[in-house]
Amino acid sequence: MVIVVLSEFQKVGIGTRIMDNLMSYLKRNAPDKAFIGLFSSVEGKHLYEEYDFKKDPALTGMSRVAPVVGGVSGPGARPM
């Protein structure tokens, strides 16, 4: 799942409301010791720290953008 608050709507409490609802949901539904991960922009890092998210030096964040439909992306990639 990806949730993004567009820049024109930031700094008005929307991210906080999303996180409050997410944390409430997780408290009710996530099993004990469930791993909850996220990606953050530098600007958004402080919001997640308020909810006790921390950078873990043992983990490396990675991502990939899917290729354009009918296109090719990345070294050695072939159209599907």
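What you see below is based on every heavy atom in this structure, not just the backbone, and it leaves out hydrogens, waters and symmetry mates.
With rounding to the nearest 0.5 angstrom, the CG atom of Asp52 is 8.0 Å from the CE atom of Met23. Distance check, rounded to the nearest 0.5 Å: CZ of Phe53 to CG of Leu47 gives 9.5 Å. The distance from atom CD of Glu43 to atom NZ of Lys11, rounded to the nearest 0.5 Å, is 8.0 Å. The distance from atom CE of Met62 to atom CZ of Phe39, rounded to the nearest 0.5 Å, is 9.0 Å.
Closest of all the heavy-atom pairs between Ala58 and Asp56 is N-OD1, 2.8 Å.
The backbone N or O of Lys54 lies less than 3.5 Å from no partner atom in the side chain of Glu49, so there is not a single donor-acceptor pair.
Residues Met19 and Tyr48 have side chains in contact (heavy-atom distance under 4.5 Å, counting atoms from C-beta outward). Leu59 has its side chain within reach of Phe35: a pair of non-hydrogen atoms, C-beta onward, lies under 4.5 Å apart.
When each of Thr16, Ile14, Asn21 is paired with Ile18, the side chain to side chain contact (heavy atoms under 4.5 Å, CB included) condition holds for Ile14 and for no other.
Cluster annotation: Ile3 is not connected to Leu38 through the hydrophobic network of ILVMFWY side chains, with a link wherever side-chain heavy atoms come within less than 4.5 Å. Tracing side-chain contacts under 4.5 Å through hydrophobic residues (I, L, V, M, F, W, Y), one never reaches Phe9 starting from Val2; they form parts of separate clusters.
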